[in-house]
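Notes follow once the structure below has been shown.
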Amino acid sequence: MSGRVMEQEQRSAAAGAKTFPGSDSRAYNYFEPKGRRATHYEDVTVDVQPDPERYLLQNWIMSFGDGTPTYSKEWTALKSSDWHLYRAPDQEWERTHYQRQSTICGMIKNVIDNARRAGAPRRFDKAWVKILQDHLGAFKHAEYGLGTALMRAQRYGYTQMVNNAILTNSSYKLRLAQDLTLYLGEIALDIEGFDVDAGKRNWLENSIWQKARELVESARGAEDFLEQYFIVNVLFEPLVGELFRSGFVMQVAATQSDYSSPAIISAAEADYERNLANTVELFATLVRDPAHGEDNRRVLQDWFDEYSPIATQAALDLQPIWSQPRVKSAQFAESYASAINRLQAIVSEIGVFSTQIPMPELQVAEPVE
């Protein structure tokens with residue numbers, strides 16, 4: 001009697017009461033890795049958000065009051081045969097994201113501290129100081145608007161891989177808006193008469209920024225979360241964001257005795273390269289989809305046709321800024337041509353279309369000695 005009792009399985013709900021096969025392994029194998037072995041990014045991201053087609057045999061665990069599931073494929077006009085195929089090329093997840101953000105913030109703080117310690121802001125050209133307060137100050141509002149648009153968009157991704165890519169994109173945007181706010185506030189302490197509120201006024205009232213503002217508000221107002229992602233990285237960034245950052249500030253600042261602004265804004269250039277790679281991979285995957293590829297291509301083309309006129313006009317409206325520095329070391333026409341070529345390369349890589357984007361005739365002014 002006592003022997004049979006000893007042979008019965010001991011049942012318990014306590015943690016560690018039973019050792020499951022493979023529970024001590026760190027090689028999760030319930031999904032197909034992109035490479036030969038799953039990366040750390042895949043281990044902590046893939047299938048974190050399962051769906052009824054993968055593992056949730058009882059359907060979604062929770063729904064909203066009207067019966068809408070917690071995640072729905074209907075939240076975007078784009079379709080996929082398998083949303084779980086997508087992997088973000090930058091392989092970013094929580095730990096690597098926070099580490100990278102912390103490094104960038106530390107770099108920016110050192111740049112600002114060293115510049116102020118050396119008295120650099122007081123040597124900025126006066127015309128350049130007005131550009132910083134008016135236009136770099138306006139640009140931070142664009143970054144904040146796009147960051148909040150993406151913050152909303154990331155909630156609706158059908159898989160954690162899509163959510164992660166959009167969420168880290170949002171975080172980069174909001175960090176840059178904060179970087180610029182703090183930077184302008186710091187140098188304002190050393191420049192007499194520097195107006196820290198001028199950026200907001202220019203963003204709201206200056207005609208130079210109104211089309212850019214319309215594009216940002218289009219991104220914020222779009223109901224389709226991938227439409228928001230498309231507007232931000234395919235249209236706004238090459239035609240407005242990169243045009244202003246790389247085509248103007250980074251090329252012109254040094255000739256105005258300003259070596260700190262390019263360092264501050266250079267972090268955004270690296271951010272965009274990562275966000276762009278993630279964006280191109282996602283949309284290209286959807287265009288290559290064997291069942292929905294052609295439909296997806298038409299949707300992306302429709303988005304391009306709707307928003308590219310706003311984006312190109314937003315870029316053209318920035319032209320007066322190039323004429324404001326006393327030493328003109330960059331030409332708008334060249335910067336704009338680079339932006340158009342960048343856009344052309346992006347949409348071609350996605351597979352939306354391969355035709356050339358028309359270039360308007362631009363007046364090229366000679367640099368002032």
Side-chain angles (χ1 to χ4, degrees), residues 100-144 172-199 202-203 208-209 237-238 240-274 318-332 334-336 338-339 342 365-369:
R100 187 165 181 277
Q101 294 280 49
S102 176
T103 301
I104 293 171
C105 288
M107 179 274 289
I108 289 175
K109 185 176 186 307
N110 285 337
V111 168
I112 296 173
D113 289 348
N114 290 333
R116 290 196 63 203
R117 192 178 300 119
R122 286 191 289 272
R123 294 192 291 272
F124 291 175
D125 186 88
K126 289 183 179 179
W128 182 248
V129 169
K130 182 166 175 56
I131 292 170
L132 291 180
Q133 72 170 25
D134 289 354
H135 300 301
L136 192 59
F139 186 68
K140 71 181 181 182
H141 293 281
E143 292 292 314
Y144 180 79
Y172 289 137
K173 288 291 180 194
L174 295 175
R175 194 216 67 234
L176 179 60
Q178 179 179 269
D179 291 342
L180 295 177
T181 301
L182 294 175
Y183 171 58
L184 295 175
E186 287 284 337
I187 65 173
L189 298 174
D190 301 323
I191 302 175
E192 187 177 356
F194 191 94
D195 185 355
V196 292
D197 296 323
N202 278 270
W203 178 247
I208 289 176
W209 289 102
E237 274 295 327
V240 181
E242 201 172 47
L243 174 68
F244 179 71
R245 293 191 306 263
S246 180
F248 179 68
V249 177
M250 295 189 69
Q251 292 192 41
V252 177
T255 55
Q256 322 302 319
S257 302
D258 177 9
Y259 297 94
S260 52
S261 296
I264 304 299
I265 213 162
S266 66
E269 298 297 279
D271 292 342
Y272 180 48
E273 291 299 332
R274 301 168 71 89
L318 298 182
Q319 183 172 8
I321 301 176
W322 269 249
S323 66
Q324 293 178 9
R326 288 202 297 177
V327 180
K328 297 176 177 55
S329 52
Q331 292 293 315
F332 176 79
E334 295 174 0
S335 300
Y336 183 77
S338 296
R342 175 77 144 166
E366 293 297 325
V368 176
E369 297 296 335

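No experiment lies behind these values; they were computed from the predicted model shown. By convention here, the first residue in the shown sequence is residue 1.
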**OP:** To the nearest 0.5 Å, tell me how far Ile112 CD1 sits from Ile108 CD1.
**Re:** 7.0 Å
**OP:** I would like to know whether Ile187 and Leu132 meet side chain to side chain contact (heavy atoms under 4.5 Å, CB included); could you show each step before the answer?
**Re:** CA-CA 10 Å; Ile187 65 173; Leu132 291 180; 4.1 Å; yes
Original post:
How about Ile208 and Asp134: do any of their side-chain heavy atoms sit closer than 4.5 Å?
Top reply: no
Subject >> Salt bridge flag under 4.0 Å for residues Glu237 and Arg245 >> reply: yes
**OP:** Answer whether the closest heavy-atom distance between the side chains of Leu318 and Leu243 falls below 4.5 Å.
**Re:** yes
Subject >> Spacing of OG belonging to Ser102 relative to CE belonging to Met107, to within rounding of 0.5 Å >> reply: 12.0 Å
**OP:** Please tell me if the side chains of Tyr144 and Thr181 come closer than 4.5 Å, counting only heavy atoms from C-beta onward.
**Re:** no
Original post:
Do Val111 and Ser260 pass the side chain to side chain contact (heavy atoms under 4.5 Å, CB included) test, and can you show the C-alpha distance, the side-chain angles, and the key distance before you say yes or no?
Top reply: CA-CA 6 Å; Val111 168; Ser260 52; 3.9 Å; yes
Original post:
Are Trp203 and Lys140 side-chain neighbours, meaning at least one heavy-atom pair lies under 4.5 Å?
Top reply: no
Subject >> Full working for side chain to side chain contact (heavy atoms under 4.5 Å, CB included) between Val249 and Asp258 >> reply: CA-CA 10 Å; Val249 177; Asp258 177 9; 6.0 Å; no
**OP:** Fit a plane to each ring of Phe244 and Phe139, take the angle between them on a 0 to 90° scale, and name the class: parallel (under 30°), tilted (30 to 60°) or perpendicular (over 60°).
**Re:** tilted
**OP:** Examine distances only and state if a side-chain atom of Gln133 and a backbone atom of Ala198 form a donor-acceptor pair shorter than 3.5 Å.
**Re:** no
Original post:
Would you call Tyr259 and Asn114 a side-chain contact if the rule is heavy atoms closer than 4.5 Å?
Top reply: no
**OP:** Quick one: closest heavy-atom pair of Ala138 and Asn202, and the distance?
**Re:** CB-CB, 4.1 Å
Subject >> Non-hydrogen atoms of Arg123 and Ala118 that approach each other most closely >> reply: NH1-O, 3.2 Å
**OP:** State, with a plain yes or no, whether a side-chain heavy atom of Arg116 is found less than 4.5 Å away from one of Leu189.
**Re:** yes
Original post:
Okay, side chain of Ser338, backbone of Glu334: is any donor-acceptor separation there less than 3.5 Å?
Top reply: yes
Original post:
If you measure from CD on Gln178 to CG on Leu174, what distance do you get to the nearest 0.5 Å?
Top reply: 9.0 Å
Subject >> Closest non-hydrogen atom pair between Ala339 and Pro238, with its separation >> reply: CB-O, 3.3 Å
**OP:** Identify whether the distance between the nearest side-chain nitrogen and carboxylate oxygen of Asp113 and Arg117 falls below 4.0 Å.
**Re:** no
**OP:** Flag the pair Phe248 / Trp128 as yes when their ring centroid distance falls below 6.0 Å, and as no otherwise.
**Re:** yes
Original post:
Between Gln256 and Val327, is there a donor-acceptor pair closer than 3.5 Å when you use the side chain of the first and the backbone of the second?
Top reply: yes
Original post:
Heavy-atom distance under 4.5 Å between the side chains of Pro325 and Ile131, does that happen here?
Top reply: yes
Original post:
What are the two closest non-hydrogen atoms of Gly247 and Trp322, and how far apart are they?
Top reply: O-NE1, 3.3 Å
Original post:
Is there a side-chain contact between Phe194 and Val129, using heavy atoms and a 4.5 Å cut-off?
Top reply: yes
Original post:
Looking at Arg122 and Asp190, what are the two nearest heavy atoms and their distance?
Top reply: CG-O, 3.1 Å
**OP:** Give the minimum heavy-atom separation between Arg175 and Ala268, together with the two atoms involved.
**Re:** NH2-N, 4.5 Å
Subject >> Verdict with supporting geometry, Arg100 and Asp271, side chain to side chain contact (heavy atoms under 4.5 Å, CB included) >> reply: CA-CA 10 Å; Arg100 187 165 181 277; Asp271 292 342; 3.1 Å; yes
Subject >> Distance (rounded to the nearest 0.5 Å) between Tyr172 OH and Glu143 CD >> reply: 13.5 Å
Subject >> Pair Glu273 + Arg342: basic N to acidic O under 4.0 Å >> reply: yes
**OP:** Output the distance between atom CG (Leu184) and atom CG (Asp195), rounded to the nearest 0.5 Å.
**Re:** 11.0 Å
Subject >> Atom pair NE2/CD of His135 and Gln324 - distance to nearest 0.5 Å >> reply: 4.0 Å
